[in-house]
S.K.: 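Here you go, one structure.
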Amino acid sequence: MKNSGALSKSLICDADISLFHAGQHNECYRFMGACFTRENGKLGIRFTTWAPNAKSVHVTGSFSDWNIDDKYALKPISSQGLWSAFIPGIKEDMHLYKYEITTQKGVKLLKADPFAFYSQKRPDTASVIVKPNGFNWSDKIWMDKRRNTNIYESPINVYEVHLGSWKRGEDGEFLTYRELAKDLPKYAKDMGYTHIELMPIMEHPLDDSWGYQITGYYSVTSRFGSIEDFKYFVDVCHGQGIGVILDWVPGHFCKDDYGLYRYDGTPTYEYKNSNRAENMGWGAANFDLSCPEVKSFLISNATYWLKEFHIDGLRVDAVANMLYLDYDRRAGEWTPNKYGGRENLEAIVFFREISETLFHEFPNILMIAEESTAWPMVTKPSYLGGLGFNFKWNMGWMNDVLKYITLDPVYRKYNHNLVTFSMMYHYSENFILSISHDEVVHGKKSLIDKMWGDYWNKFAGLRVFAAYMYTHPGKKTLFMGSEFAQFIEWRHYESLEWQLIEQFETHRKTKLFFKTLNHIYKDNAALWKLDYSTEGFEWIDADNADQSIIVFMRRSEKPEETLVVVCNFTPIVYYDYKIGVPYLGEYEELLNTDSQEFGGSGQIMDEILYAKTGQWHNQTYHLTIKVPPMAALILKINRIEEDIKEESKIGKIQLANIG
């Protein structure tokens, strides 16, 4: 499938200008920035930028030896601050450029292009002119499948990745997009993931920000290669059946002097009110979501990544920061809205508008909110009063279970609600259970090192935690390195410790465990088909706090696909343990996390289990099983038998009623 490229070859029309200033242009990147075009029979570049309070604007760059000349002056083309000029004679790409903006006070600013498609590699900061080269996409099968898939009733198992530290070259340098494409998609597929979520790959000046302090919202970061290289990476992922999600930051931007901050010498992309503009917690500036041109900039930016790069979804960062006027602020540092509340009314409108726009154009994308509060209806459509996302990270579940797994098992019985409470609110949103990069840095410890106990118990605890996570309703996200139990916290400046898999059997077995668990998750409809329906989950025993054991079932529409899950959060073996089950018939272990092949003690049941008639745990039938230590069991049904006694009993009741 041939892509026509991202840049427009036509002149800017009145409709473009009108829609941009109305906050309703969804693809303004097609005429903003540096566009190759032909005007009056001459080839060149049309430069267009928005600087509503500038006194004058010039473009300068390598094509002009960085001289400032009136022949490179941009002219106003609207009364609301659009400046534009056609510079003939620039036929080749890869020229460097910036805008010299003269403020009303006569101060000259040298700014990168907010709409640049490519930028210099840090520490250099110029924008780069690139031609709209077509790309031969080969992902039609993937895109057609995406279009026709019910994502709510499908497995979504996300592998969160930081491209700069997943793997590095032997010299310690970054791998390129094309080098990463050789290994990362194949690895994700082999391990049983359905999607890769990339921490921001938009251009940013500081590696230590992990990409969340952005200067080039339309620029694929030059750290790893070119625009075409990144498209190639996405194309290869799709060829392997792996979706690609991008982290996206529409709430705030960094304050580097060449970027968006005070773009024309006055607050432009940020709020005019410094109380609202300044994001003191992150040393950033908050986007002015009441400004129409800013909304055109952001909505077009989301469209750009989804349309031009075939991206499958966006995980929207720091949604709570956008929704609450008092987020991370003390009394006196924020101003209530017009109703006297703490809600950012403009953010609510923005989320609803962008969700309506994107889902109309890209019906089956993932729009995931990182929203850390109990804001209602985040994943409900705007016409019902929701924010319009279709998924939300479950931060409550994450905080509860991470607290629970650090506890000595002696005290877990006093905190049993930490592993059961999530089902009290699960159906309020379309949740994704996530263990992200934020949970394995800044002294929080890696996932394996959070686990209680000695070396054996840490690995056993990781396995039972993961099995609980992957059988709990909701889609999944896991940060890289957790799947082979890297002990050190994530370090963005170096590769993951892949050598652990080669050097230590326990890490190798842990990787095998996660691969097995991931594929069990993908292959069993009961673990995802009815994630957001009350029919998909049922407690069998939620109340055994004394032994720290929970038992539940997961269902699809087919009874024979039902799975029974037993989680034991203590290092004690229980023999002849009775659990209720929904059907008479044969059961067997689909997964036992205590298997020796995963590094466990080998307390498995290598036999067929037969359910018996008799009430237990509010179920009509029961099994007697062995519960392994610090482990989880997933039991599958081999055969459902007809209960003649029950049928006879029902028949007698019916006859009695007739009589």
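Note that the structure is predicted; figures quoted are calculated from it, not measured. Along the sequence shown, the residues carry numbers beginning at 1.
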S.K.: Where do Leu496 and Gly481 come nearest, in terms of heavy atoms and distance?
M.R.: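 Residues Leu496 and Gly481, closest heavy atoms: CD1-N, 3.7 Å.
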S.K.: For a 4.5 angstrom cut-off between non-hydrogen side-chain atoms, does Leu306 reach Glu361?
M.R.: no
S.K.: Quick one: pull up CH2 in Trp490 and CZ in Phe479 and give me the separation to the nearest 0.5 Å.
M.R.: 4.5 Å
S.K.: Once side-chain contact (heavy atoms from CB on, under 4.5 Å) is applied, do any residues pair with Ala22, and if so which ones, sequence neighbours excluded?
M.R.: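 Expected list: Gln24.
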S.K.: Any salt bridge (Lys or Arg N to Asp or Glu O under 4.0 Å) involving residues 248-262? Give me the pairs, sequence neighbours left out, ordered by first then second residue.
M.R.: Lys255-Glu278
S.K.: Would you say the ring centers of Phe63 and Tyr72 fall short of 6.0 Å from each other?
M.R.: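 Between Phe63 and Tyr72, the centre distance is under 6.0 Å.
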S.K.: Is the side chain of Ser219 donor-acceptor paired with the backbone N or O of Thr221 at a distance under 3.5 Å, no angle test?
M.R.: no
S.K.: Who passes ring-ring contact (aromatic ring centres under 6.0 Å, His included) against Tyr187, sequence neighbours left out?
M.R.: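 Residues passing ring-ring contact (aromatic ring centres under 6.0 Å, His included) with Tyr187: Tyr159, Trp166, Trp498.
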S.K.: How long is the straight-line distance from CD1 of Ile245 back to NE2 of His195, given to the nearest 0.5 Å?
M.R.: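 Answer rounded to 0.5 Å: 5.0 Å.
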S.K.: Please verify the inter-ring angle class for Phe233 with Phe230; under 30° counts as parallel, over 60° as perpendicular, anything in between as tilted.
M.R.: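 The arrangement is parallel - the two ring planes meet at less than 30°.
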S.K.: Within the structure provided, determine whether Asp312 and Ile365 are in side-chain contact (heavy-atom separation under 4.5 Å).
M.R.: no
S.K.: Looking only at heavy atoms, which two atoms of Arg122 and Arg223 are closest? And how far apart?
M.R.: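 Where Arg122 meets Arg223 most closely, the heavy atoms are CG-NH2, 3.4 Å.
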S.K.: Give me each pair satisfying salt bridge (Lys or Arg N to Asp or Glu O under 4.0 Å) with a member in residues 55-79, each pair once, sequence neighbours excluded.
M.R.: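 Found none.
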S.K.: Check Tyr118 against Ser222 and note the closest heavy-atom contact, atom names and distance.
M.R.: OH-CB, 3.4 Å
S.K.: Please work out which of the three classes, parallel, tilted or perpendicular, describes the rings of Tyr29 and Phe117, given edges at 30° and 60°.
M.R.: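 Plane angle over 60°, so perpendicular.
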S.K.: Describe, in one word, how the ring planes of Trp142 and His238 are oriented to each other, choosing from parallel (under 30°), tilted (30 to 60°) and perpendicular (over 60°).
M.R.: parallel
S.K.: Hey, is Glu308 close enough to Arg30 for a salt bridge, meaning N to O under 4.0 Å?
M.R.: yes
S.K.: Is it true that the side chains of Asp328 and Asn321 contain a donor and an acceptor less than 3.5 Å apart?
M.R.: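 Distance-only check fails for Asp328 and Asn321.
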S.K.: Taking atom types as modelled, is there a side-chain donor on Ser165 or Arg491 under 3.5 Å from an acceptor on the other?
M.R.: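 The criterion, which ignores hydrogens and geometry beyond distance, is not satisfied for Arg491 and Ser165.
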S.K.: Holding to side chain to side chain donor-acceptor pair (under 3.5 Å), I want the full list of residues that pass it with Gln486, two or more places apart in sequence or in another chain.
M.R.: none
S.K.: How many angstroms lie between CG in Leu246 and CG in Leu314, if you round to the nearest 0.5 Å?
M.R.: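 So the CG of Leu246 and the CG of Leu314 are separated by 6.5 Å.
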S.K.: Do Ser64 and Asn67 have side-chain N/O donor and acceptor atoms under 3.5 Å apart?
M.R.: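 Absent: no donor and acceptor within the cut-off.
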S.K.: Do Ser62 and His95 pair up side chain to side chain, a donor and an acceptor below 3.5 Å, judged on atom types alone?
M.R.: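 A donor-acceptor contact under 3.5 Å links the two side chains.
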S.K.: Side-chain contact, heavy-atom cut-off 4.5 Å: Thr102 with Val57?
M.R.: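 Of all side-chain heavy-atom pairs linking Val57 with Thr102, none is under 4.5 Å.
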S.K.: Can you find a heavy atom in the side chain of Trp305 that is under 4.5 Å from one in the side chain of Val220?
M.R.: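 A side-chain contact under 4.5 Å exists here.
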S.K.: What do you reckon, are the aromatic ring centroids of Phe287 and Tyr271 less than 6.0 Å apart?
M.R.: no
S.K.: Donor-acceptor check, side chain of Gln213 to backbone of Trp282, threshold 3.5 angstrom: yes or no?
M.R.: yes
S.K.: Ring centres under 6.0 Å, that's the criterion: do His442 and Trp210 meet it?
M.R.: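 Between His442 and Trp210, the centre distance is under 6.0 Å.
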S.K.: Would Arg178 and Tyr232 count as a cation-pi pair here, with the cationic atom under 6.0 angstrom from the ring centre and within 45° of the axis?
M.R.: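 Pair Arg178/Tyr232 counts as cation-pi.
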S.K.: Go through it in stages, so that I can follow the logic: the residues are Glu494 and Lys167, the test is salt bridge (charged side-chain N to carboxylate O under 4.0 Å, His left out), and I'd like the CA-CA distance, side-chain angles, deciding distance and then a yes or no.
M.R.: CA-CA 8 Å; Glu494 64 184 30; Lys167 277 186 182 178; over 6 Å; no
S.K.: Restricting to pairs with a member in residues 282-304, which pass salt bridge (Lys or Arg N to Asp or Glu O under 4.0 Å), not counting sequence neighbours?
M.R.: Lys272-Asp288, Lys295-Glu353
S.K.: At what distance, to the nearest 0.5 angstrom, does OG1 of Thr379 lie from CD1 of Ile368?
M.R.: 11.5 Å
S.K.: Are side-chain heavy atoms of Thr373 and Tyr324 found at a separation under 4.5 Å?
M.R.: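 In contact.
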S.K.: Backbone N or O of Leu387 within a donor-acceptor pair of the Ser382 side chain at under 3.5 Å?
M.R.: no
S.K.: Checking Gln120 now: which residues fulfil side-chain contact (heavy atoms from CB on, under 4.5 Å) with it, not counting sequence neighbours?
M.R.: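 Checked Gln120 against side-chain contact (heavy atoms from CB on, under 4.5 Å); matches are Leu96, Asp124, Ala126, Val128.
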S.K.: So, is the end of the Lys231 side chain (NZ or CZ) under 6.0 Å from the ring centre of Phe309 and within 45° of the ring's axis?
M.R.: yes
S.K.: Can you confirm whether Lys476 sits close enough to Val158 that some side-chain heavy atom of one is under 4.5 Å from a side-chain heavy atom of the other?
M.R.: no
S.K.: Taking side chain as C-beta onward, heavy atoms only, is Glu197 less than 4.5 Å from Val161?
M.R.: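 Counting from C-beta outward, Glu197 and Val161 never come under 4.5 Å.
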S.K.: Regarding Thr303 and Asn26, is there a side-chain donor-to-acceptor distance under 3.5 Å anywhere?
M.R.: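 Per modelled atom types, Thr303 and Asn26 side chains form no pair under 3.5 Å.
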S.K.: Measure the shortest side-chain to side-chain distance between Thr49 and Pro114 over non-hydrogen atoms and say whether it is less than 4.5 angstrom.
M.R.: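 Thr49 vs Pro114: side chains touch.
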S.K.: Which atom pair, heavy atoms only, marks the closest approach of Glu92 to Phe36?
M.R.: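 Where Glu92 meets Phe36 most closely, the heavy atoms are O-CZ, 3.8 Å.
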S.K.: His25: what forms a ring-ring contact (aromatic ring centres under 6.0 Å, His included) with it, not counting sequence neighbours?
M.R.: Phe31
S.K.: Do Phe297 and Tyr304 have ring centroids that are under 6.0 Å from one another?
M.R.: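 So the answer is no for these two rings.
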S.K.: Is there a donor-acceptor contact under 3.5 Å from the side chain of Asp113 to the main chain of Ser127?
M.R.: no
S.K.: Sequence neighbours excluded, which residues qualify as side-chain contact (heavy atoms from CB on, under 4.5 Å) partners of Lys91?
M.R.: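 Listed in chain order: Leu43.
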S.K.: What distance separates Trp50 CH2 from Ile77 CD1, expressed to the nearest 0.5 Å?
M.R.: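 It is 13.5 Å, given to the nearest 0.5 Å.
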S.K.: Can you tell me how far NE2 of His162 sits from OH of Tyr493, rounded to the nearest 0.5 angstrom?
M.R.: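 The NE2 atom of His162 is 12.5 Å from OH of Tyr493, to the nearest 0.5 Å.
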S.K.: The test is side-chain hydrogen bond (donor to acceptor under 3.5 Å, both in side chains); show your working for Thr266 and Asn53 and say whether it passes.
M.R.: CA-CA 7 Å; Thr266 66; Asn53 294 302; 3.0 Å; yes
S.K.: For the residue pair Cys237 and Ile196, what are the closest heavy atoms and their distance?
M.R.: SG-CD1, 4.0 Å
S.K.: Testing the basics here: between Lys307 and His310, what is the closest heavy-atom pair and its distance to 0.1 Å?
M.R.: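 Shortest heavy-atom separation between Lys307 and His310 comes out as O-CD2, 3.5 Å.
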S.K.: Under the rule for salt bridge (charged side-chain N to carboxylate O under 4.0 Å, His left out), what residues qualify as partners of Lys475, not counting sequence neighbours?
M.R.: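 In terms of salt bridge (charged side-chain N to carboxylate O under 4.0 Å, His left out), with neighbours along the sequence ignored, Lys475 is linked to Asp531.
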S.K.: Using the test side chain to side chain donor-acceptor pair (under 3.5 Å), find all partners of Ser18 that sit at least two apart in sequence or belong to another chain.
M.R.: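 Applying side chain to side chain donor-acceptor pair (under 3.5 Å) to Ser18 gives none.
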S.K.: Say whether, by atom type as modelled, one donor and one acceptor occur between the side chain of Ser434 and the main chain of Ser436 under 3.5 angstrom.
M.R.: no
S.K.: Donor-acceptor pair, distance only, cut-off 3.5 Å: does the side chain of Thr60 make one with the backbone of Trp66?
M.R.: yes
S.K.: Kindly write out the residues that satisfy side-chain contact (heavy atoms from CB on, under 4.5 Å) with Asp317, not counting sequence neighbours, or none if the list is empty.
M.R.: Tyr212, Val249, His252, Arg315, Glu370
